[in-house]
Enquirer: 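The following block contains the structure, expressed as structure tokens.
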Amino acid sequence: MKRLVIVGAGQAGLSTAARLRSQGFDGAITILGEEPSLPYQRPPLSKKYLTGEYDAERLLLRAESFYRDQEIAVRIGTRVAGIDRAAKHVEANGGAIAYDCLVLTTGARPRTLPAHLGGELERVYSMRSLADADAMAPEFVSGRRVVIIGGGYVGLEAAAVAASRGLRVTLVEASSRILQRVAAPQTSDYFRALHEDHGVTLIEGVGLDRLLGDHAVAGARLLDGREIGADFVLVGIGVQPNAELAERSGLHSDNGIEVDAFGRTSDPAVFAAGDCCSFPYKGRRIRLESVPNAIAQAEAVADVILGGGEAYIPDIWFWSDQYDVKMQIAGLNTGYDSVVGRRDGETRSFWYYQNERLIAVDALNDARSFMTARRWLKAGLSPRSDDIATPGSPLSALGVT
């Protein structure tokens, strides 16, 4: 194999290329990315980049010299319009780029409000790219009013940044509570209190009727008739995988590009990794939107391309920074039937169980619980829920089975 092309210049794309080079691949590697920037970190966009703690250069995953030294060609500002699987080339910026092996790391994009709900008004933003953050940054001025649509992690992180900078923040969540899709009521309650303590107005259980304004947004009308004034609006209602390029080329799709446990698509010459694809996990198919998964799955794909590798089993973890709270999540809580709370001084954690087996943990400023739970989950071990709930019982002394 001499020519490897990667479509998508994000964390997964770079991780694939770097792993291949570090393991001795000596063929040509080309990364194609639509954005006008070298691969960069996305999580800080809604946190340290918006606050000004990070500049654009600090966001870069690797300096330009890395790509030169590793002989990795990165073509930024390049849109891939199609894949000709029979001829083994991609159509990009009006030309054809041949490949022997193709890796799709196309990521995901924010869900947006439709035009009839005001989604195309000026000063309505999403948060996914550097361009999004740059467009929104001038709005973060003390005293301005922001309405955030969506009470998931992106919306809450943006609310924390805005409130910390003195903006008047109203967050609207259509579900009965914030974080309803991803966390237990106990975690929702913790973050509700945290945001209200910082002056954020949370409106839960009420959907958006439409955004108001002629050309630029001026406010939001809710389904209960309330109207909220706004100088700008941030929409954080989830993301969807960028699977259309793969689908147009005839590759199978199921909640993203469908891959097997080795990252292979329905075409043996085409692989996928990261937010754009779904893969088998414990008898079901999942798609993970996280940096750790993007890195680990991309490296696993690279190993398979080199002729080795094993079935990919993710070590699942996430994080979220809000005010002075670092939330670290280990495992997947899907299907939990009980939650056990644990408190040790100022730290808090919530332990998710299914049929008395530990499946996930939300750790709040509690790195010890996070690391311990992550280690147990990786090993398939579980402490008794009664032991976790016992005040003062050190985790190191608990029995696991």
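Along the sequence shown, residues carry numbers from 1. What you see is a predicted model, and the numbers here were worked out from it, not measured in a lab.
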Enquirer: Step through it carefully: locate the ring centre of Y353, locate the ring centre of Y336, and say whether they are under 6.0 Å apart.
Expert: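 Here the rings of Y336 and Y353 have centres that are no less than 6.0 Å from each other.
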Enquirer: Would you check if the distance from the ring center of Y323 to the ring center of H198 is below 6.0 Å?
Expert: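 Between H198 and Y323, which both carry aromatic rings, the centre distance is below 6.0 Å.
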Enquirer: Considering only NZ, NE, NH1 and NH2 on the basic side and carboxylate oxygens on the acidic side, decide whether R348 and D366 come within less than 4.0 Å.
Expert: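 Salt bridge: no.
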Enquirer: Under the criterion salt bridge (charged side-chain N to carboxylate O under 4.0 Å, His left out), I'd like the reasoning laid out for D100 against K88: C-alpha separation, chi angles, the key distance, then a yes or no.
Expert: CA-CA 7 Å; D100 297 305; K88 284 194 172 181; 5.6 Å; no
Enquirer: D321 pairs by side-chain hydrogen bond (donor to acceptor under 3.5 Å, both in side chains) with which of Q328, K47, K326?
Expert: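 Considering Q328, K47, K326, a side-chain hydrogen bond (donor to acceptor under 3.5 Å, both in side chains) with D321 is found only for K326.
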Enquirer: Test side chain to side chain contact (heavy atoms under 4.5 Å, CB included) on D132 and Y125; report intermediate values, then the result.
Expert: CA-CA 7 Å; D132 293 335; Y125 302 97; over 6 Å; no
Enquirer: Before you tell me yes or no, could you show the steps for E53 and T51 under side-chain hydrogen bond (donor to acceptor under 3.5 Å, both in side chains), namely the whole-Å CA-CA distance, both residues' side-chain angles and the distance that decides it to 0.1 Å?
Expert: CA-CA 6 Å; E53 294 177 63; T51 64; 3.1 Å; yes
Enquirer: Give a yes or no on whether the ring-centroid distance for F140 and F232 is below 6.0 angstrom.
Expert: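 That pair passes the under 6.0 Å test.
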Enquirer: Relative to the ring of H195, is the ring of F191 parallel (under 30°), tilted (30 to 60°) or perpendicular (over 60°)?
Expert: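 Tilted: the ring planes of F191 and H195 meet at 30° to 60°.
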Enquirer: Working to the nearest 0.5 angstrom, can you tell me the gap between T265 OG1 and L102 CG?
Expert: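 Here the interatomic distance stands at 8.0 Å.
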Enquirer: Tell me, please, which residues at least two apart from D324 pass side chain to side chain contact (heavy atoms under 4.5 Å, CB included).
Expert: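 Result, side chain to side chain contact (heavy atoms under 4.5 Å, CB included) vs D324: none returned.
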Enquirer: CD of E120: more than 12 outside heavy atoms within 6.0 angstrom?
Expert: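 It does not: E120 CD has 12 such atoms or fewer within range.
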